Amino acid sequence: MRVARLGVIAALALASTALSSCAKEPPGTRTLEFWTIGREGEAVLKLLPEFEREHPGLHVSVQQLPLTAAHQKLLTAYAGDSTPDITQLGNTWVPEMVALNALEPLDARVNASKVVDKNDYFPAIWSTNVIDGTLYGVPWYVDTRLLFYRKDLLAKVGYDHPPRDWAEWQAMMAKLAQPQGKAYGVLLPTNEFEQLLALALQQPDPLLRDGGRYGNFQSPGFKKALAFYVSMFKDQQAPMMTNVGIGNPWAAFGQGFYAFYLSGPWNIGEFRKRLPPEQQADWGTVALPGPNGPGASNAGGSSLVIYRKSKHKDDAWALIEFLSRPEIQERFYQILGDMPPRRSSWDAPALRDDDKAAAFRDQLDRAKATPPVAEWERIVTEMQLVAAQAAHGDLTIDQAAAEIDRRADRLLEKRRWMLDHGHKASP
């Protein structure tokens, strides 16, 4: 229950060190507390001097949270009443913070803005920040999954193009796979949920039903996606291993251990850095094939949010507008490789003229959001644990789908109670 959970969070808050500075601001200056997660903090520091020049007397204090600890630190800060003014927030975390009533609604600010234009954003990415009809975040960068593939290996088995649908993709993998595990068609680490999730999002059936009260994993669409996913292991087109087992996926890709890799935009830079020059022309990227043509993928990424208890909301919004400018998003991409959520930002030469990035632009037009419930990350983790059992042959497709529904329904029990009793669902 909420009281029990918040009690734990409060205890963490008391036991933890202070997460924000208590120093008094010098006269005539204001300090904006901005928390980032992972490498984004290092990149944004290179952009902030220009923002501070545009806003004399305003200083942005950046705290970089490690990805592995960020979620707990954000909850601890909420429980300890020490939230920052503005933070980067994974868009699957937005529903949880909204349920805690921690975030400032942003509709009025967007409607009055000359910088943030809702219609310029990829719709699915924007929608991840809208909870119950209210906007709580502005997308900062996007993350979706598609196929990295070896052009030269496809050419050797008679193909001059990447797969256009599931049937063609499966036929390619069947030709690429070699006996005794010498080579495979695709890498699908069994401890990563993103690959199965993308296949499931290509189906017409929603992943949850009845307003997010119950799982919908026994739907025909999800079972079709799960069956296709499991078939790649059953037919030995994918190795039965986790991402720890593969070790170095970039070297394995270059060595031809597999020809297809479902992954995100950061790997453009990784493959360019890790593969030798003579192999750079041998690989490409392409939007995910769907059951009957181009398919959908996930609408991931991070957003910028303002906390309700911020004392500098206007300054925080000014920073969001600054980081949302297309020219600033272009520079952010060049520094870090994080892809922009605005269509106009993709007109920048660094993105427009990059053949590897073009496929991501294509995929983002067909991205789909995951269910906006606070429990989603736990649900999708359980989904993958059960899917791995099915891939190992321990469960049939029907048994696995029923088990995922059972686990999802258990995680959604509190949400159902809150909604059915006229309360806003909480994490």
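This structure is a prediction, so every number in the text was calculated from the model and none was measured.
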Student: What orientation do Phe148 and Phe271 show, parallel under 30°, tilted 30 to 60°, or perpendicular over 60°?
Tutor: tilted
Student: Could you check whether Glu54 pairs with Arg325 (Lys NZ or Arg NE/NH1/NH2 to Asp/Glu carboxylate O, under 4.0 Å)?
Tutor: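 A salt bridge links Glu54 with Arg325.
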Student: Could you tell me whether Asp85 and Lys313 have a side-chain N and a carboxylate O separated by less than 4.0 Å?
Tutor: no
Student: Name all residues meeting the ring-ring contact (aromatic ring centres under 6.0 Å, His included) criterion together with Tyr149; count only those two or more places apart in sequence or in a different chain, and write none if there are none.
Tutor: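 Per chain and number, Tyr149 pairs via ring-ring contact (aromatic ring centres under 6.0 Å, His included) with no residue.
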Student: Of all the heavy-atom pairs spanning Ile125 and Pro139, show the shortest one and how long it is.
Tutor: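 Shortest heavy-atom separation between Ile125 and Pro139 comes out as CG2-CB, 3.6 Å.
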Student: Can you say whether the rings of Phe253 and Tyr261 are parallel (under 30°), tilted (30 to 60°) or perpendicular (over 60°)?
Tutor: tilted
Student: Under a 4.0 Å N-O cut-off, is there an ion pair linking Asp152 with Arg150?
Tutor: yes
Student: Can Asp117 and Arg342 be counted as an ion pair, charged N to O under 4.0 angstrom?
Tutor: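 Not counted as a salt bridge, because no side-chain N and carboxylate O are separated by less than 4.0 Å.
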Student: Could you tell me whether Arg361 and Asp347 make a salt bridge, using a distance below 4.0 angstrom between a side-chain N and a carboxylate O?
Tutor: no
Student: Do the charged groups of Arg30 and Asp315 touch, with an N to O distance under 4.0 Å?
Tutor: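 Yes.
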Student: Hey, are Arg331 and Glu50 close enough for a salt bridge, meaning a charged N less than 4.0 Å from a carboxylate O?
Tutor: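 Judged by the 4.0 Å cut-off on N to carboxylate O distance, Arg331 and Glu50 do form a salt bridge.
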Student: Taking the six-membered ring for Trp and the single ring otherwise, decide whether the centroids of Tyr184 and Tyr258 are under 6.0 Å apart.
Tutor: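 No, they do not, as the ring centres are separated by 6.0 Å or more.
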